[in-house]
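Predicted, not measured: the structure shown is a model, and the values here were computed from it. Within every chain, numbering begins at 1; the chains are lettered A, B, ... in the order of the sequence lines, protein sequences first and strands thereafter.
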There are 2 protein chains.
Amino acid sequence: MQYSVGVEYALHCLVYLIDVPSKESVGIKDLAEFQGLSETFLSKVFGKLSKAGIVSSVSGVKGGYRLSKSPEDISFWDVVEAVEGPKPIFQCKNIKDNGYLYREGSCSAPSSCSINLVMLAAEEKMRDYLRGKTLSWLNEELERVLPQKTREDTRKYFSKSNI
Amino acid sequence: MQYSVGVEYALHCLVYLIDVPSKESVGIKDLAEFQGLSETFLSKVFGKLSKAGIVSSVSGVKGGYRLSKSPEDISFWDVVEAVEGPKPIFQCKNIKDNGYLYREGSCSAPSSCSINLVMLAAEEKMRDYLRGKTLSWLNEELERVLPQKTREDTRKYFSKSNI
DNA sequence: TTAATCGTCGATTTACTTTATCGATAATAC
DNA sequence: GTATTATCGATAAAGTAAATCGACGATTAA
């Protein structure tokens with residue numbers, strides 16, 4: 001069981017959007033090229049991020065994406081949910097009603113299956129943690145952890161005025 | 001992204017093993033039949049549980065499975081890990097080294113990728129919760145929640161002496 | 001206005017993982 | 001011995017994720 005690579009792509013790409021001036025944007029092509037990713041697939045991922053209101057798109061020549069809200073209002077969980085969808089990790093499905101765990105027929109019925117409730121609560125712990133980590137937090141973390149020069153070089157790479 | 005149904009099968013089946021007297025065992029056939037599951041597939045799942053030391057098997061006629069330790073020493077996480085394997089939900093894979101998140105080359109190298117660290121920590125929150133819920137807890141919960149008659153009927157169903 | 005760039009969307013292909021089946025083997029009760 | 005049951009490996013079927021392709025519309029530069 002694994003999150004799809006889409007989550008990884010999204011989080012890594014969003015890092016590069018944090019610093020982009022609000023009037024500019026970064027193209028899928030640049031993001032894909034810089035990290036050696038499939039351009040077409042990455043555009044799918046950004047479609048989801050766009051639909052979730054995390055980024056907004058700019059069409060046409062010199063278009064691309066930018067964050068559609070402040071980095072401190074975008075949590076890791078927002079990103080994961082946008083890419084993976086809202087379905088819980090654990091979901092009772094096939095088990096027949098004759099098992100004695102079921103009071104109301106279906107296992108997925110609310111408050112029916114004790115096992116299901118535990119798994120959902122566990123997942124909620126994970127989500128809570130991810131809700132507490134925002135892109136602005138990540139930005140500060142990177143500031144602390146990475147050499148200054150590296151970050152500047154990357155900013156230049158994605159700067160339109162540079163071309 | 002979802003846990004495999006194997007996890008669901010395992011947890012639901014283990015419930016029926018809690019009450020089994022330590023000299024007896026329950027066969028895959030009964031467990032599968034009772035819940036309408038594929039017998040062959042369920043046997044694969046129990047193979048994993050067995051290898052993880054959660055259940056022990058009894059070969060031969062009237063053989064089957066029983067818990068290999070006390071229900072209070074078997075947590076939900078033990079079961080999930082046994083069935084799903086030890087791999088984390090989120091794992092950095094494909095991203096090239098030229099992204100500026102990497103200090104030591106690979107994203108999966110310890111303490112290298114800040115994003116990876118956050119995801120691993122989040123997952124750990126979920127695991128902690130699941131470690132806190134044991135089969136004996138579940139048993140008490142079911143005692144509280146289910147009609148007494150239902151539980152007794154189920155015990156009878158799996159009792160060898162009954163046949 | 002025209003041409004080039006870029007995001008959007010749906011259809012499709014490819015690859016991989018999960019789910020399930022089959023067959024052979026070994027152990028045990030009777 | 002014979003029937004039953006777990007074990008294990010190989011394999012098939014089904015489903016999902018990853019990636020590609022092509023047509024479209026929107027935008028910008030010239």
Distances under 3.5 Å between protein N/O atoms and the N/O atoms of nucleotides 12-16 of chain D, please, pair by pair.
none

Worksheet item: Who passes side chain to side chain donor-acceptor pair (under 3.5 Å) against Ser57(A), sequence neighbours left out?
Response: none
Item to complete: May I ask you to verify if any side-chain N or O of Ser43(A) is less than 4.0 angstrom from the OP1 or OP2 atom of dC6(C)?
Response: no
Worksheet item: How about Lys69(A): does its NZ atom have over 12 heavy atoms from other parts shown lying under 6.0 Å from it?
Response: yes
Worksheet item: Within less than 4.0 Å of OP1 or OP2 of dA6(D), is there a side-chain N or O belonging to Ser50(B)?
Response: no
Item to complete: Whole angstrom is fine here: how far is it from CD in Gln2(A) over to C1' in dA15(C)?
Response: 16 Å
Item to complete: With the side chain of Val5(A) defined as its heavy atoms from C-beta on, choose the nearest nucleotide among dA19(D), dA6(D), dT8(C).
Response: dA19(D)
Worksheet item: Given side chains that start at C-beta, do those of Lys87(B) and Gln2(A) come closer than 4.5 Å, heavy atoms only?
Response: yes
Worksheet item: Regarding Arg151(B) and Asn139(B), is there a side-chain donor-to-acceptor distance under 3.5 Å anywhere?
Response: yes
Practice prompt. Report the residue from Phe158(B), Tyr157(B), Tyr9(B) that forms a ring-ring contact (aromatic ring centres under 6.0 Å, His included) with Tyr16(B).
Written response: Phe158(B)
Discussion item. For dA17(D) and Tyr9(A) - does any side-chain N or O of the residue sit under 4.0 Å from the phosphate oxygens OP1/OP2?
Written reply: no
Discussion item. From CG of Leu37(A) over to P of dT20(D), roughly how many Å is that when rounded to an integer?
Written reply: 11 Å
Worksheet entry | Nucleic acid footprint by protein, nucleotides 21-30 of chain C - heavy-atom cut-off 4.0 Å, B for base, S for sugar-phosphate alone | B-----BBB-
Item to complete: Please report, rounded to the nearest Å, how far the P atom of dA18(D) is from the NZ atom of Lys48(A).
Response: 8 Å
Worksheet item: Taking Val55(B) as the fixed residue, which of Cys13(B), Ser25(B), Ser50(B) is the one that meets the side-chain contact (heavy atoms from CB on, under 4.5 Å) rule?
Response: Ser50(B)
Discussion item. Would you say that Phe76(B) contacts Leu138(B) through its side chain, given a criterion of any heavy-atom pair below 4.5 Å between the two side chains?
Written reply: yes
